[in-house]
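For this chain, numbers begin at 1 and follow the sequence in order.
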Amino acid sequence: MWLNTSTTVSRGWIWCLSYSMNRRPNFGKCFVPWQTDDSDKIGIYSYKVQSTITSRLASTMIQSKVVNNAKHPQHLVFEVQIPKGAFIDNFTMDVNGITFTSSIKEKSEARKLYAQARAKGKAAGIVRSNALDMENFRTEVNVPGGTKVQFQIHYQEMIRRRLSSYEHTISLRPGRLAKHLEVDVRIIEPQGLRYVHTPNTLGDHFDGLTTLSKGEKKAHISFKPTLAQQRKCPTCSSTAVDGNFVVQYDVNREKAAGELEVFNGYFIHFFAPENLDPLPKNILFVIDVSGSMWGLKMKQTVEAMKAILGQLQPSDQFSLLDFNHNVRCWRDGLVEATPSQIDEAKNYIQGIHPNGGTNINEALLRATFILNEAKNLGMLDPNSVSMIVFVSDGDPTVGELKLTTIQKNVKQNMQDDFSLHCLGIGFDVDYDFLQRLAQENRGTAQRIFGNQETSSQMQQFYSQVSTPLLRNIEFNYPQESVSDITQNSFHNYFGGSEIVVSGKVDTQNLQHLESIVTATASNAQLVMETLADVEELDDFMTKDKYADPKFTEKLWAYLTVNQLLAERNLAPTAALKRNITKSILQMSLSHHIVTPFTAMVIENPNGDERMLADQPRDAKKGCCPGTLGITPKVPDKTIPSWANPTSVAPSPASAQKAPTFAMQPIHTVDNDPHFIINLPKSQKNICFNINAEPGKILNLVSDADTGVAVNGQLIGAKKQENEKLNTYFGKIGFYFKSKGLKVEVSTELITLKDGSYSTGLSWADTGSIIRKRLLVSVKKEHNVTITVDEEMSFMVVLHRVWKNHPVNVDFLGIYIPPSNLYSSKAHGLIGQFMPEPEVSIFNEGPGQDPEKPKATMEFKGHKLTVTRGLQKDYRTDQVFGTDVQCWFVHNSGKGFIDGHYTDYLVPHLYSFLKNP
């Protein structure tokens, strides 16, 4: 980081900041001498990196304190690397007690101030340039002997989740041995930390020197090598600290609908559902094989493509196009990813020999044509994801050469449900163009090295888009409570990634913030709801001295500015581009961040000596960091009124609603287990208990004609009470044979199965799944309702007990309306009562318990002694329940149910009764 310029710059003049022997600053030309004997008398006496991650927002400070121990002036270079996409928000420099501070100005104003100082010989420049995945920040200062200088830079970034991990990278290249070197990273994640890992990216030299302490929601990582430990060898004067310090971690996820964090008037919604089946892919690889790809780039590309082809799933369809001045198709259309087809594709790739020019326009149009034809011919699964992966290392040299025309042609031919992902190899490709192509067509762009790492980078990029789990994801919030929401409509969600939405929220008039997420999974429509207490984080955040109190505001600003930059990149008119530029400028100045339209002015206390930090320029790169894709906002078609800003006719699936159970007459099985059979015509309830062993499965409904089976599996209490072991329903299974659908409800998960397909929700979620007109709706930690074709419905209520209770366990209750449309052959412990039977009760008189009178019940020719008492209905009051009067039939319902209760035992959770 700190160097004598004689080690890096030839003899000559450069513009710099210099200091005279009286320690006053002078700006102007500095003579750079040849190396002198004092070149090693520049010492770093402190080099610190402090980084705090608060809910994915990383705020990093790099501070270096250096001294010129020589007797004569020396020219020094201060250089750091910051991640691409990070925003610099502060920079200070202290030279012998004179402090230069920074401010953010509109670019033209900043340059004007800089020009004024330069005209007086009191200005110096800071150079910012681009590397592939980092950005260089470099300044120069010439100081007399004995001078101490402190530099400090602050930047912030949102850490994106990729391949199921957040990775925070700090460039650690001090350039010299430092008397005190320290890296201090703190992580504060209210969701809870799943794991924290610090790979040894600096090399084996530093094995065991990183310390890591991890709590439930916080972690602290420290790296403090001593001066001796920094040396490359015991007698070396050079440092071995030269690389990236990396921290990897992930957070806990209990809700499929994501985590809503509300703090200081802003909300952040983190969405990364797991345990979903991948959607099938239709993927076209378009590979540049022009002459410029010859050699290492082609070798690495072939290696990567062979590995990528081997990762295709049997449900995928694919094909290959390679192009130079001509376009060649390996197959005329998409083919299934069978082992033989994959092997043939690998052989084809292996035989490619780069030569000729670059016809990008024709290659991309041919690819879109193949996808369009496949869709028109009905070859694409409606629930599949179609994408093009385009790989090139240069600009067009054959055919259409105008980049804007190519962009327009692709946009016109690309259907709205297709996406285009672009990989640019090296610096000869116009990355700005690739970004626009990808952003305009719902994809992402990435630049990769053109060296030995090309193959691994290509494979890593493919891994990020190889597992689509959801399509058409929409985030909805109450319009009267939130404003300035960032992008809330997304084309795809890929496994291992994360979608983040943010906005402002009126916490003064709101106790809870509700969000509803709708998405399409593999052959199912998901509706997921989450609710956040607006004050939930207040106590946690205010008590942590390291947490950034403005993390929600900064994340919102980060997302908003990046979104505006992407929108500006695609703006079709100059007027719209100007309006977006004004918005970006306003955000930059309000939040003190450097963007392409602002610059940082660093000046002394008097304001007459200045330095200028401008946005880095690269003719082959877009001005705007990030690869945000802009998806047109489309109105949601489900759930509450505030989620629908405009009136839209609902689709058949989305129009399906969960029934209202609260006031319905109902058949119930709850507690240990108590059966309540409701007889609305005679206005009576008949109750009985079943005392079976834990693990046994009882059939509740078996209707072979309608193809419906409902069964419950018993679990036992932890121990006996009064010499009796109580049993409860721990699992309930529903089988809808005509649809081929099974639903399993346990005390942990709710799972919907369709053959090999499976998806589910946990009790920590509020949400819905729709498949083949079967709706599964979960109310967090309370109940799940299952509705079939709006004609048949069921409710399962969850009972939670204290985890360490010495006796009781979590269990389920089931509620079945008698109005369900079963056939006349329906049977089961509940199903046999669906056509309401005739029951008469007479000879009512006092029982042994004065509060429980007894009577005689006549049913199907049997006369039974019954007792009147109270049972509980837990539909509306999950804890205490509602009292229900009923006549109790003793001896496990003997005489009221057909046969003996053991006749209703079945072998599996989805079995029908053999002889009902």
Side-chain angles (χ1 to χ4, degrees), residues 253-260 269 271 273 275 475-478 511-519 521 524-533 536 636 638-643 653-664 666-671 710 712 728-734 743-752 759-771 774-788 790 792-801 810-817 820 872-882:
R253 290 178 179 81
E254 297 180 354
K255 305 172 187 175
E259 295 290 335
L260 264 177
H269 192 165
F271 180 77
N275 301 319
F475 293 77
N476 301 281
Y477 309 92
Q511 187 174 1
H512 295 91
L513 177 62
E514 184 180 13
S515 165
I516 290 180
V517 183
T518 61
Q525 182 180 344
L526 304 183
V527 183
M528 296 163 281
E529 180 181 348
T530 188
L531 197 68
D533 186 329
E536 184 177 357
D636 179 43
T638 53
I639 324 303
S641 58
W642 51 259
S654 66
Q656 191 168 335
K657 301 293 181 182
T660 302
F661 276 82
M663 302 303 293
Q664 290 187 36
I666 206 109
H667 297 319
T668 302
V669 190
D670 214 325
N671 223 307
V710 182
Y728 312 87
F729 280 140
K731 284 184 182 178
I732 297 175
F734 301 83
V743 179
E744 179 181 312
V745 181
S746 72
T747 55
E748 301 298 327
L749 295 170
I750 302 96
T751 307
L752 172 64
T759 189
L761 295 167
S762 78
W763 284 104
D765 299 313
T766 293
S768 304
I769 306 169
I770 300 174
R771 189 176 179 91
L774 183 142
L775 170 67
V776 181
S777 297
V778 181
K779 185 176 180 182
K780 179 180 177 180
E781 296 293 340
H782 191 276
N783 63 58
V784 55
T785 57
I786 300 168
T787 309
V788 189
E790 300 184 359
M792 189 177 289
S793 55
F794 309 86
M795 175 186 281
V796 178
V797 173
L798 173 68
H799 295 273
R800 289 273 191 231
V801 300
D810 295 345
F811 65 94
L812 304 171
I814 183 170
Y815 296 78
I816 306 176
N820 278 354
K872 293 287 187 180
D873 183 330
Y874 293 95
R875 284 176 289 169
T876 56
D877 189 334
Q878 190 180 8
V879 179
F880 300 106
T882 303

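Listed by chain and residue number, K731, E748, L749 satisfy the side-chain contact (heavy atoms from CB on, under 4.5 Å) test with S746 (two or more places apart in sequence, or in another chain). Scanning for side-chain hydrogen bond (donor to acceptor under 3.5 Å, both in side chains) contacts around S762 gives D765, with sequence neighbours left out. When the side-chain hydrogen bond (donor to acceptor under 3.5 Å, both in side chains) test is applied to E781, the partners found at least two apart in sequence or on another chain are R800. Residues that satisfy the side-chain contact (heavy atoms from CB on, under 4.5 Å) test with N275, not counting sequence neighbours, are absent from this structure. Residues meeting the ring pair (Phe, Tyr, Trp, His ring centres under 6.0 Å) test with F475, sequence neighbours left out: H269, F271, F490. For R253, the salt bridge (Lys or Arg N to Asp or Glu O under 4.0 Å) partners at least two apart in sequence or on another chain are D250, E498.
In this structure, the side chains of N671 and K872 stay at 4.5 Å or more apart for every pair of heavy atoms. Side-chain contact between H799 and V797 is present, with at least one heavy-atom pair separated by less than 4.5 Å. Between L798 and L812, the closest side-chain pair of non-hydrogen atoms falls below 4.5 Å. Contact check for F734 versus I814: side-chain heavy atoms found under the 4.5 Å cut-off. A heavy-atom distance below 4.5 Å is found between the side chains of P478 and L513. No side-chain heavy atom of K780 sits under 4.5 Å from any side-chain heavy atom of L531. Residues V796 and I750 fail the side-chain proximity criterion, which asks for heavy atoms closer than 4.5 Å.
Scanning all heavy atoms of the two residues, the minimum distance from V517 to A257 falls at CG2-O, 4.1 Å. The minimum heavy-atom distance linking L761 with M528 is given by the pair CD2-CG, 4.4 Å. Here the closest non-hydrogen pair linking W763 and V778 is CE3-CG1, 4.3 Å. For the residue pair S793 and P817, the shortest heavy atom distance occurs at O-CD, 3.2 Å. Shown here for L260 and Y477, the closest heavy-atom pair between the two residues is CD2-CE2, 4.3 Å. Counting all heavy atoms, side chain and backbone alike, A256 lies closest to P273 at O-CB, 3.8 Å.
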Exercise for review: Evaluate side chain to side chain contact (heavy atoms under 4.5 Å, CB included) for V669 paired with I732, printing each intermediate quantity in order.
Suggested key: CA-CA 11 Å; V669 190; I732 297 175; over 6 Å; no

Exercise for review: Test Y815 against D670 for side chain to side chain donor-acceptor pair (under 3.5 Å), laying out the working first.
Suggested key: CA-CA 8 Å; Y815 296 78; D670 214 325; 2.5 Å; yes

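With hydrogens and angles disregarded, no donor-acceptor distance shorter than 3.5 Å links the side chain of D873 to the backbone of T882.
Taken from CD in E536 to NE2 in H512, the straight-line distance is 8.5 Å, to the nearest 0.5 Å. Distance check, rounded to the nearest 0.5 Å: CE of M795 to OG1 of T787 gives 9.5 Å. Here K255 contributes atom NZ and E529 contributes atom CD; the two are 11.0 Å apart, rounded to the nearest 0.5 Å.
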